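To start, the structure itself, in C-alpha coordinates.
Just so it is clear, the values below take in all heavy atoms, side chains as well, and ignore hydrogens, waters and symmetry mates. No experiment lies behind these values; they were computed from the predicted model shown.
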Amino acid sequence: QVLLVESGGGLVQAGGSLRLSCAASTGTFSTSTMGWFRQAPGKEREFIAVIIWIDGSTAYADSVKGRFTISKDNAKNTVYLQMTSLKSEDTAVYYCAADRRVGIRRTVAGYEYWGQGTQVTVSS
(Lines give C-alpha, C1' and ligand atoms only; values in the text may rest on other atoms or scores of the structure.)
Protein backbone atom coordinates (compact mmCIF):
# COMPACT_ATOMS: atom_id res chain seq x y z
CA GLN A 1 0.00 0.00 0.00
CA VAL A 2 1.26 3.46 -0.92
CA LEU A 3 0.32 6.49 1.12
CA LEU A 4 0.34 9.80 -0.74
CA VAL A 5 0.11 13.02 1.24
CA GLU A 6 -0.48 16.31 -0.53
CA SER A 7 0.24 19.72 0.91
CA GLY A 8 0.63 23.31 -0.20
CA GLY A 9 -2.90 24.23 -1.17
CA GLY A 10 -4.54 27.46 -0.13
CA LEU A 11 -6.06 30.74 -1.21
CA VAL A 12 -4.23 32.86 -3.76
CA GLN A 13 -5.12 35.84 -5.94
CA ALA A 14 -5.39 35.50 -9.68
CA GLY A 15 -1.98 35.79 -11.27
CA GLY A 16 -0.28 34.37 -8.21
CA SER A 17 1.63 31.15 -7.63
CA LEU A 18 1.47 28.09 -5.42
CA ARG A 19 3.56 24.96 -5.10
CA LEU A 20 1.90 21.69 -4.20
CA SER A 21 3.82 18.77 -2.75
CA CYS A 22 3.03 15.07 -2.74
CA ALA A 23 5.06 12.86 -0.44
CA ALA A 24 4.98 9.11 -1.08
CA SER A 25 5.42 6.66 1.76
CA THR A 26 7.29 4.08 -0.32
CA GLY A 27 10.16 4.00 -2.75
CA THR A 28 10.10 4.43 -6.48
CA PHE A 29 8.97 0.88 -7.34
CA SER A 30 5.41 1.66 -6.33
CA THR A 31 5.46 5.17 -7.72
CA SER A 32 6.95 4.63 -11.16
CA THR A 33 4.46 7.09 -12.62
CA MET A 34 3.05 10.00 -10.64
CA GLY A 35 0.40 12.43 -11.70
CA TRP A 36 -1.62 15.41 -10.60
CA PHE A 37 -5.35 15.73 -11.17
CA ARG A 38 -7.93 18.25 -10.08
CA GLN A 39 -11.64 18.27 -9.50
CA ALA A 40 -13.82 21.36 -9.40
CA PRO A 41 -17.31 21.31 -7.86
CA GLY A 42 -19.78 19.57 -10.15
CA LYS A 43 -17.08 18.48 -12.58
CA GLU A 44 -15.20 15.30 -13.26
CA ARG A 45 -11.67 14.79 -12.06
CA GLU A 46 -9.30 15.93 -14.78
CA PHE A 47 -5.69 15.24 -15.64
CA ILE A 48 -3.16 18.03 -15.05
CA ALA A 49 0.36 16.64 -15.28
CA VAL A 50 2.39 13.44 -15.06
CA ILE A 51 6.02 12.54 -14.46
CA ILE A 52 7.88 9.27 -14.99
CA TRP A 53 10.11 8.62 -12.03
CA ILE A 54 12.90 6.77 -13.78
CA ASP A 55 13.70 9.35 -16.46
CA GLY A 56 11.77 12.47 -15.53
CA SER A 57 9.61 12.50 -18.65
CA THR A 58 6.60 14.77 -18.28
CA ALA A 59 3.31 15.59 -19.93
CA TYR A 60 0.70 18.27 -19.29
CA ALA A 61 -2.90 19.08 -20.01
CA ASP A 62 -3.27 21.85 -22.58
CA SER A 63 -5.09 23.99 -20.02
CA VAL A 64 -2.01 24.28 -17.81
CA LYS A 65 0.86 23.93 -20.28
CA GLY A 66 3.32 26.76 -19.85
CA ARG A 67 1.92 27.71 -16.43
CA PHE A 68 2.35 24.55 -14.35
CA THR A 69 5.51 22.50 -13.87
CA ILE A 70 5.73 19.02 -12.39
CA SER A 71 9.01 17.91 -10.82
CA LYS A 72 10.39 15.35 -8.40
CA ASP A 73 12.87 14.96 -5.59
CA ASN A 74 14.21 11.42 -5.57
CA ALA A 75 15.75 11.66 -2.14
CA LYS A 76 12.48 12.79 -0.58
CA ASN A 77 10.14 10.57 -2.62
CA THR A 78 8.22 13.75 -3.33
CA VAL A 79 6.60 15.18 -6.42
CA TYR A 80 5.84 18.87 -6.80
CA LEU A 81 3.43 20.90 -8.89
CA GLN A 82 4.56 24.49 -9.33
CA MET A 83 1.59 26.58 -10.42
CA THR A 84 2.03 30.09 -11.80
CA SER A 85 -0.23 32.65 -13.45
CA LEU A 86 -3.15 31.13 -11.61
CA LYS A 87 -6.66 31.78 -12.84
CA SER A 88 -10.03 31.53 -11.15
CA GLU A 89 -10.77 28.46 -13.27
CA ASP A 90 -7.84 26.69 -11.60
CA THR A 91 -9.88 26.56 -8.40
CA ALA A 92 -10.34 22.90 -7.47
CA VAL A 93 -9.27 20.12 -5.16
CA TYR A 94 -5.92 18.88 -6.42
CA TYR A 95 -5.04 15.20 -6.11
CA CYS A 96 -1.77 13.36 -6.38
CA ALA A 97 -1.80 9.88 -7.90
CA ALA A 98 0.71 7.08 -8.37
CA ASP A 99 0.98 3.85 -10.29
CA ARG A 100 3.53 1.04 -10.31
CA ARG A 101 3.55 0.83 -14.08
CA VAL A 102 5.82 3.05 -16.15
CA GLY A 103 4.11 5.19 -18.75
CA ILE A 104 2.44 8.53 -19.44
CA ARG A 105 -1.10 8.22 -18.11
CA ARG A 106 -3.80 10.85 -18.45
CA THR A 107 -6.85 9.08 -17.06
CA VAL A 108 -8.12 8.46 -13.55
CA ALA A 109 -8.26 4.75 -14.28
CA GLY A 110 -4.55 4.72 -15.00
CA TYR A 111 -3.55 5.22 -11.38
CA GLU A 112 -3.69 2.78 -8.51
CA TYR A 113 -3.03 5.07 -5.56
CA TRP A 114 -4.49 8.45 -4.65
CA GLY A 115 -3.92 11.12 -2.06
CA GLN A 116 -6.64 12.80 -0.05
CA GLY A 117 -6.50 16.04 -2.04
CA THR A 118 -5.66 19.63 -1.22
CA GLN A 119 -7.86 22.65 -1.93
CA VAL A 120 -6.64 25.41 -4.20
CA THR A 121 -8.79 28.52 -4.41
CA VAL A 122 -7.94 31.34 -6.79
CA SER A 123 -9.72 34.61 -6.17
CA SER A 124 -10.31 37.02 -9.02
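Hydrophobic clustering (side-chain heavy atoms under 4.5 Å, transitive across Ile, Leu, Val, Met, Phe, Trp, Tyr) keeps Ile54 apart from Tyr113. In the hydrophobic clustering of ILVMFWY residues, with side-chain heavy atoms under 4.5 Å counting as a link, Leu81 and Val5 come out apart. Two different hydrophobic clusters hold Trp114 and Met34 under the rule that ILVMFWY side chains link at heavy-atom gaps under 4.5 Å. The hydrophobic clustering, which links ILVMFWY residues whose side-chain heavy atoms are closer than 4.5 Å, places Phe37 and Ile52 together. Hydrophobic clustering (side-chain heavy atoms under 4.5 Å, transitive across Ile, Leu, Val, Met, Phe, Trp, Tyr) keeps Leu86 apart from Val93.
The CG atom of Leu3 sits 5.0 Å away from the OG atom of Ser25 when rounded to the nearest 0.5 Å.
Ser88 places no side-chain N or O within 3.5 Å of a backbone atom of Val122 that could act as its donor or acceptor partner. Formation of a donor-acceptor pair under 3.5 Å by the Asp99 side chain with backbone atoms of Thr33 is not found in this model. At least one donor-acceptor pair under 3.5 Å links the side chain of Tyr60 to the backbone N or O of Ile70. When atom types are taken as modelled, the side chain of Ser32 and the backbone of Arg100 share a donor-acceptor pair closer than 3.5 angstrom. When atom types are taken as modelled, the side chain of Thr118 and the backbone of Glu6 share no donor-acceptor pair closer than 3.5 angstrom.
The minimum heavy-atom distance linking Trp53 with Val79 is given by the pair CZ3-CG2, 3.3 Å. For the pair Thr78 and Ser21, the tightest heavy-atom approach, listed with the atom from each and the gap, is CG2-CB, 4.3 Å. Among all heavy-atom pairs drawn from Ala92 and Gln119, the shortest one is O-NE2, 3.4 Å. Heavy atoms only, all atoms of each residue included: Ala98 and Leu4 are closest at N-CD1, 3.7 Å. In this structure, Val120 and Gly9 approach most closely via the heavy-atom pair CG2-CA, 4.1 Å. Of all heavy-atom pairs spanning Ser85 and Ser17, the tightest one is N-OG, 4.4 Å.
Every residue was checked against the side chain to side chain donor-acceptor pair (under 3.5 Å) condition with Thr58, not counting sequence neighbours, and none meets it.
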Please table the atom pairs, donor to acceptor, closer than 3.5 Å between any side-chain atom in residues 42-51 and protein atoms at least two apart or in another chain.
{"residue": "Arg45", "atom": "NE", "partner": "Gln39", "partner atom": "OE1", "Å": "3.3"}
{"residue": "Arg45", "atom": "NH2", "partner": "Gln39", "partner atom": "OE1", "Å": "3.4"}
{"residue": "Glu46", "atom": "OE2", "partner": "Arg38", "partner atom": "NE", "Å": "2.6"}
{"residue": "Glu46", "atom": "OE2", "partner": "Arg38", "partner atom": "NH2", "Å": "3.2"}

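For the pair Tyr80/Thr69, no side-chain contact is recorded, criterion being any heavy-atom separation below 4.5 Å from C-beta on. Using a 4.5 Å heavy-atom threshold, the side chains of Met83 and Arg19 count as separate. Using a 4.5 Å heavy-atom cutoff, the side chains of Cys22 and Trp36 are in contact.
Taking the six-membered ring for Trp and thresholds of 30 and 60 degrees, Phe68 and Tyr94 have ring planes inclined between 30 and 60 degrees apart.
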| field | Residue pair Leu11, Ser123: steps toward the side-chain contact (heavy atoms from CB on, under 4.5 Å) verdict | value | CA-CA 7 Å; Leu11 175 65; Ser123 63; 4.3 Å; yes
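A donor-acceptor contact closer than 3.5 angstrom is absent between the side chains of Glu89 and Thr91.
With salt bridges taken as basic N to acidic carboxylate O contacts below 4.0 Å, none links Lys87 and Asp90.
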